Q: 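First, the structure itself, so that you have it in front of you.
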Amino acid sequence: MAKKTSSSSHSGRGGWRYLHPMYYLKRPKRLAFVIFAFVAVTCIFWDRQTLSRDHEAKVSRLKEELTSLQNELEELKGNLKGSGVDFKNKKGSKEKIVQDDPVSIERREQVKDAMLHAWTSYEKYAWGKDELQPQTKDGVDNFGGLGATLIDSLDTLFIMGLQEQFQRAREWVANSLDFDKDYEASVFETTIRVLGGLLSAYDLSGDNVFLEKARDIADRLLPAWNTPSGIPYNKINLRTGNAHSSGWTGGNSILADSGTEQLEFIGLSQRTKDPKYQQKVENVIKELHKTFPDDGLLPIYINPHTGKPSYSTITFGAMGDSFYEYLLKAWIQGNKTEAVKLYREMWETSMKGLQSLIRRTKPSSFAYICEKEGDSLTDKMDELACFAPGMLALGSSGYGPTEAEKFLSLAEELAWTCYNFYQSTPTKLAGENYFFYSGQDMSVGTSWNILRPETVESLFYLWRLTGNKTYQEWGWNIFQAFERNSRIETGYVGLKDVNSGAKDNMMQSFFLAETLKYLYLLFSPPSVISLDEWVFNTEAHPLKIVTRGPDEEMPQVDKRKSAIRVRGRKVGRDY
């Protein structure tokens with residue numbers, strides 16, 4: 001132990017000598033080496049410190065920039081709250097991913113300019129009125145003085161980012177909109193324009209004033225459903241609640257009217273947590289399902305007392321159209337769950353019937369949808385029926401691959417026909433309806449154009465679902481035709497005759513609600529009002545898709561079909 005201790009002590013003394021200055025003064029070379037080593041280490045140390053400080057400064061700047069960008073993004077999200085701009089990449093999306101491009105941006109801005117021109121004219125000459133008469137520079141109340149154009153335009157203004165205009169309209173809704181009117185309103189038109197417009201404005205902005213007003217008008221409309229069958233009357237007095245069907249229908253309700261309230265009233269129940277609205281409109285589907293035919297095609301007149309169809313025209317045009325549209329869209333609105341399966345089943349049945357009405361012209365093989373009465377077909381197609389290509393494209397993804405391709409192909413054929421409704425006239429604007437005579441492609445029937453949206457609606461869906469820019473080009477051509485023929489200094493007007501170009505004196509509210517909105521979206525990225533997040537009502541008001549659970553299933557229906565009793569009534573009119 002003593003030996004080890006002694007050795008350890010000697011070694012320690014030897015180590016300390018390297019720290020004594022005299023050791024190096026007696027050995028100059030070692031002193032020089034130490035000095036050199038010290039200087040080198042010092043330089044390396046300070047260099048690393050400098051690099052570290054520079055790195056920290058760069059990291060700090062990057063963090064500041066990242067924070068700034070995050071703040072800007074959050075501000076942008078706040079400004080676009082509810083606008084439908086999707087900041088996430090959704091898996092399973094049916095929409096094609098299409099990049100924005102300079103041409104689309106420029107066209108979108110021109111459509112926005114058209115909206116500004118239409119809206120500014122309305123503000124100047126018809127503020128608060130239902131519709132603007134541009135030629136006489138005044139407004140008319142075609143819908144009881146409910147501000148139809150203003151409410152119809154709310155979501156278009158919001159989507160286009162016209163916030164100042166939107167806020168002025170919002171203030172009118174909050175302070176001036178009054179539904180307590182001794183006026184017989186169309187249940188259908190009031191639902192799709194006013195209730196739909198208010199619900200969409202609420203979904204986009206989150207402003208409760210719109211939901212409160214939506215509930216007010218819905219409550220005033222509800223007595224229309226108080227019929228023996230639950231099929232609603234067409235007309236209702238907004239003050240007294242007295243309801244009836246129009247005399248020109250022979251006391252019948254109209255198919256499109258009865259089947260085109262589901263999205264709005266279901267949406268209202270979802271947002272207010274009050275089931276009464278949903279129950280009323282889903283009882284209609286239950287009643288119609290009792291006598292639903294094997295081809296899924298119903299006549300345009302329904303008896304509100306018995307709930308059964310009356311002998312009348314079968315059409316995908318006026319008074320029939322949106323019933324079929326809402327069968328599909330109610331399924332989409334519920335996020336395609338088991339709770340809304342019946343809607344899809346009924347729609348697919350109706351699409352079998354639609355295929356039985358398809359004919360093609362000679363020599364150009366334009367596909368069109370006939371009208372039917374009894375066993376007789378009429379070779380006539382309304383421009384209103386040009387919603388069908390978009391509906392078929394939207395619904396095609398619910399089929400298997402083979403069927404999906406077949407329906408998408410039919411959609412594209414019909415869209416080509418509808419586009420040629422426009423291209424076949426001197427003004428390049430479509431007439432109200434067309435006839436297809438033997439050996440001829442198409443001939444204008446009723447020759448007016450009232451700024452309708454149906455064809456551009458279908459072009460929007462086909463572009464979104466296929467990514468084919470041909471549909472954008474067709475839409476652009478139609479927009480330019482509106483600009484050439486319908487734009488005047490004080491707004492937009494329809495044409496009395498698409499052959500001569502003679503102008504009328506009405507700017508329909510749906511021109512702002514539908515035609516310009518669909519054109520704007522046709523040139524916008526698919527993330528703007530994504531079809532994965534939103535469903536459009538028949539007036540082009542986007543409503544948020546809300547998943548329906550098992551506890552929200554439709555009323556159980558008796559799937560045994562009773563015979564349809566027909567009555568010999570042929571009274572009716574287009575509107």
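FYI, the numbering just counts along the sequence from 1. The analysis underlying the following values was restricted to heavy atoms, covering all of them including side chains, and did not include hydrogens, waters or symmetry mates. Quick caveat: nothing in here was measured; it's all calculated off a predicted structure.
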Q: Salt-bridged, Asp113 to Arg487, with N to O below 4.0 Å?
A: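 Result for this pair is yes, salt bridge flagged.
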Q: I'd like to know whether CH2 of Trp172 has more than 12 heavy-atom contacts from other residues, nucleotides or ligands below 6.0 angstrom.
A: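 Buried by this count: over 12 neighbours within 6.0 Å.
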Q: Got Trp347 and Trp331 here, is their nearest side-chain heavy-atom distance under 4.5 Å?
A: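 They are not in contact (no side-chain heavy atoms under 4.5 Å apart), so the answer is no.
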Q: Give a yes-or-no answer on whether the side chains of Glu432 and Asn449 include a donor-acceptor pair shorter than 3.5 Å.
A: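 Asn449 and Glu432 do not have a side-chain donor-acceptor pair below 3.5 Å.
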Q: Distance from Ser253 atom OG to Asp257 atom CG, nearest 0.5 Å?
A: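 Going from the OG atom of Ser253 to the CG atom of Asp257 covers 8.0 Å.
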Q: Counting only heavy atoms not in Lys276 (residues, nucleotides, ligands), do more than 12 fall under 6.0 Å from its NZ?
A: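 Counting other residues, nucleotides and ligands, NZ of Lys276 exceeds 12 neighbours.
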Q: Is there a donor-acceptor contact under 3.5 Å from the side chain of Thr455 to the main chain of Cys386?
A: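 Between the backbone of Cys386 and the side chain of Thr455 there is no qualifying donor-acceptor contact (under 3.5 Å).
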Q: Angle class for the His117/Tyr492 ring planes (parallel below 30°, perpendicular above 60°, tilted otherwise)?
A: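 Ring orientation of His117 relative to Tyr492: perpendicular.
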Q: List the steps and the verdict of side-chain contact (heavy atoms from CB on, under 4.5 Å) for Thr190 and Leu221.
A: CA-CA 9 Å; Thr190 307; Leu221 294 175; 4.1 Å; yes
Q: Evaluate the side-chain contact (heavy atoms from CB on, under 4.5 Å) criterion for residues Val493 and Met506: first the C-alpha distance (whole Å), next the side-chain angles of each, then the deciding distance (0.1 Å), finally the verdict.
A: CA-CA 5 Å; Val493 294; Met506 184 65 66; over 6 Å; no
Q: Strictly distance-based, threshold 3.5 Å: is any side-chain N or O of Tyr326 a donor or acceptor partner for the main-chain N or O of Thr538?
A: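 Yes, the answer is positive, given that a donor and an acceptor are paired below the 3.5 Å cut-off.
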Q: Before you tell me yes or no, could you show the steps for Lys380 and Asn433 under side-chain contact (heavy atoms from CB on, under 4.5 Å), namely the whole-Å CA-CA distance, both residues' side-chain angles and the distance that decides it to 0.1 Å?
A: CA-CA 7 Å; Lys380 169 181 172 284; Asn433 52 53; 4.0 Å; yes
Q: Measuring from Tyr277:OH to Phe265:CZ, what's the distance to the nearest 0.5 Å?
A: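 Answer for the OH-CZ pair, Tyr277 versus Phe265, is 8.5 Å.
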Q: Parallel, tilted or perpendicular: which fits the ring planes of Phe536 and Tyr518, with parallel below 30° and perpendicular above 60°?
A: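 Answer is tilted, since the angle falls between 30° and 60°.
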Q: According to side chain to side chain contact (heavy atoms under 4.5 Å, CB included), who are the partners of Lys280, at least two apart in sequence or on a separate chain?
A: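 With neighbours one apart ignored, the set is Leu222, Trp225, Asn226.
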Q: Going by atom types only, do Thr515 and Arg452 share a side-chain donor-acceptor pair under 3.5 Å?
A: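 No, no side-chain donor-acceptor contact under 3.5 Å.
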Q: Using the salt bridge (charged side-chain N to carboxylate O under 4.0 Å, His left out) rule, take Arg168 and Glu171 through it: C-alpha gap first, then chi angles, then the decisive distance, then the call.
A: CA-CA 5 Å; Arg168 288 198 293 273; Glu171 293 307 309; over 6 Å; no
Q: Is there a side-chain contact between Leu342 and His289, using heavy atoms and a 4.5 Å cut-off?
A: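 Yes, side chains in contact.
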Q: With a 4.5 Å cut-off on side-chain heavy atoms, are Thr227 and His305 touching?
A: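 Heavy-atom side-chain distance check fails, nothing below 4.5 Å.
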Q: Suppose the criterion is salt bridge (Lys or Arg N to Asp or Glu O under 4.0 Å): which pairs have a residue in residues 387-398, not counting sequence neighbours?
A: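 For residues 387-398: none.
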Q: Supply the atom-to-atom distance Asn142 CG to Gln133 CD, rounded to the nearest 0.5 angstrom.
A: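 Rounded to the nearest 0.5 Å, the CG-CD separation comes out at 7.5 Å.
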Q: Which pair of non-hydrogen atoms, one from Ile529 and one from Arg464, has the smallest distance, and what is that distance?
A: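 Residues Ile529 and Arg464, closest heavy atoms: O-NH1, 3.0 Å.
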Q: Should we say atom NZ of Lys137 is surrounded by more than 12 heavy atoms from elsewhere, each under 6.0 Å from it?
A: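 Open: at most 12 neighbouring heavy atoms sit under 6.0 Å from NZ of Lys137.
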Q: Under 3.5 Å, is there a donor-acceptor pair linking the side chains of Asp274 and Ser269?
A: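 No, Ser269 and Asp274 have no side-chain donor paired with an acceptor closer than 3.5 Å.
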Q: Of the non-hydrogen atoms in Phe292 and Met346, which two are nearest, and what is the gap between them?
A: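 In this case the closest contact between Phe292 and Met346 is CE2-O, 3.6 Å.
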Q: Looking at Trp534, I'd like to know if the NZ or CZ of Lys544 sits under 6.0 Å from its six-membered ring centre while staying within 45 degrees of the ring's axis.
A: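 That pair qualifies as a cation-pi contact.
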Q: Got a donor-acceptor contact below 3.5 angstrom from the Ser200 side chain to the Leu198 backbone?
A: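 Answer holds: no.
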Q: Could you check whether any side-chain heavy atom of Trp119 comes within less than 4.5 Å of a side-chain heavy atom of Leu162, counting everything from C-beta outward?
A: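 Side chain of Trp119 against side chain of Leu162, heavy atoms only: no contact under 4.5 Å found.
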Q: Would you check if Leu298 and Ile314 make a side-chain contact, meaning some heavy-atom pair closer than 4.5 Å?
A: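 They are not in side-chain contact.
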Q: Drop me the distance from Ile231's CD1 to Leu255's CG, to the nearest 0.5 angstrom.
A: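 It comes to 9.0 Å.
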Q: Name the one of Glu282, Lys329, Gln333 that satisfies side chain to side chain donor-acceptor pair (under 3.5 Å) with Tyr343?
A: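 Among Glu282, Lys329, Gln333, the one meeting side chain to side chain donor-acceptor pair (under 3.5 Å) with Tyr343 is Glu282.
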Q: Side chains of Asp203 and Pro542: does their closest heavy-atom pair fall under 4.5 Å?
A: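 Heavy-atom side-chain distance check fails, nothing below 4.5 Å.
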Q: Just checking, any donor-acceptor pair under 3.5 angstrom between side chains of Glu184 and Asn237?
A: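 On atom types as modelled, these side chains do not qualify, holding no pair under 3.5 Å.
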Q: Would you tell me whether Thr240 and Asn242 have side-chain atoms, one donor and one acceptor, within less than 3.5 Å of each other?
A: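 Yes.
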Q: Answer yes when Lys129 and Asp141 have at least one side-chain N-carboxylate O distance shorter than 4.0 Å, and no when they do not.
A: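 So Lys129 pairs with Asp141 through a salt bridge.
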Q: Show me the pairs that pass salt bridge (Lys or Arg N to Asp or Glu O under 4.0 Å) and involve residues 149-165, at least two apart or across chains.
A: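 For residues 149-165, and leaving out neighbouring residues, the salt bridge (Lys or Arg N to Asp or Glu O under 4.0 Å) pairs sorted by first residue read Asp155-Lys517.
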Q: Rounded to the nearest 0.5 Å, how far apart are CD1 of Ile285 and CD of Gln262?
A: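 One finds 4.0 Å between CD1 of Ile285 and CD of Gln262.
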Q: Check whether any side-chain N or O of Asn505 sits under 3.5 Å from a backbone N or O of Gln135 as a donor-acceptor pair, and report yes or no.
A: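 Side chain of Asn505 to backbone of Gln135, a donor-acceptor pair under 3.5 Å: yes, one is there.
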Q: Is a donor on one side and an acceptor on the other found under 3.5 Å between the side chain of Ser229 and the backbone of Pro304?
A: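 Answer holds: yes.
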Q: So, does Arg170 use its side chain to make a donor-acceptor pair with the main chain of Phe166 at under 3.5 Å?
A: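 No; judged by distance alone, with no hydrogens or angles, the pair does not exist.
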Q: Go through Asp180 and Arg239 one step at a time and tell me if the salt bridge (charged side-chain N to carboxylate O under 4.0 Å, His left out) criterion holds.
A: CA-CA 5 Å; Asp180 185 26; Arg239 177 171 292 165; 3.2 Å; yes
Q: Could you check whether any side-chain N or O of Ser524 sits under 3.5 Å from a backbone N or O of Val528, counting only pairs where one atom can act as donor and the other as acceptor?
A: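 No, because the side chain of Ser524 does not come within donor-acceptor range (under 3.5 Å) of the backbone of Val528.
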Q: Could you tell me whether the side chain of Val187 reaches within less than 4.5 Å of the side chain of Glu261, counting heavy atoms only?
A: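 They are in side-chain contact.
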Q: If you measure from NZ on Lys503 to CG on Leu495, what distance do you get to the nearest 0.5 Å?
A: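 One finds 6.5 Å between NZ of Lys503 and CG of Leu495.
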Q: Step by step, would you call Thr547 with Lys336 a side-chain contact (heavy atoms from CB on, under 4.5 Å)?
A: CA-CA 8 Å; Thr547 301; Lys336 309 174 184 179; over 6 Å; no
Q: List the atom of Met507, the atom of Ala118, and the distance in Å for their closest heavy-atom pair.
A: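 Shortest heavy-atom separation between Met507 and Ala118 comes out as CE-O, 3.4 Å.
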Q: Taking Thr313 for its side chain and Thr315 for its backbone only, find out whether a donor-acceptor pair lies under 3.5 Å.
A: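 Pair absent, no side-chain N/O of Thr313 close to backbone of Thr315.
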Q: Which atoms form the tightest heavy-atom contact between Gly144 and Asp130, and what is the distance?
A: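 Here Gly144 and Asp130 meet closest at N-OD2, 3.2 Å.
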Q: Grab the two heavy atoms, one from Leu459 and one from Ile478, that are nearest each other, plus how far apart they are.
A: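 Here Leu459 and Ile478 meet closest at CD1-CD1, 4.1 Å.
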Q: So, Asn303 side chain and Gly307 main chain: donor-acceptor pair closer than 3.5 Å or not?
A: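 Not at all, since once roles are kept as given, no pair shorter than 3.5 Å links the two residues.
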Q: Fit a plane to each ring of Trp127 and Tyr122, take the angle between them on a 0 to 90° scale, and name the class: parallel (under 30°), tilted (30 to 60°) or perpendicular (over 60°).
A: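 Aromatic pair Trp127/Tyr122 classed tilted.
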Q: Side chains of Thr260 and Ser322: is there a donor and an acceptor less than 3.5 Å apart?
A: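 On atom types as modelled, these side chains qualify, holding a pair under 3.5 Å.
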Q: Side-chain contact, heavy-atom cut-off 4.5 Å: Ile236 with Arg220?
A: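 Not touching, per the 4.5 Å side-chain cut-off.
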Q: Quick one: does Arg344's side chain have a donor or acceptor within less than 3.5 Å of a partner on Gly395's backbone?
A: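 Looks like yes, one N/O pair under 3.5 Å.
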Q: State, to 0.1 Å, how close Val498 and Ala430 come at their nearest heavy-atom pair, and which atoms those are.
A: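 In this case the closest contact between Val498 and Ala430 is CG1-O, 3.4 Å.
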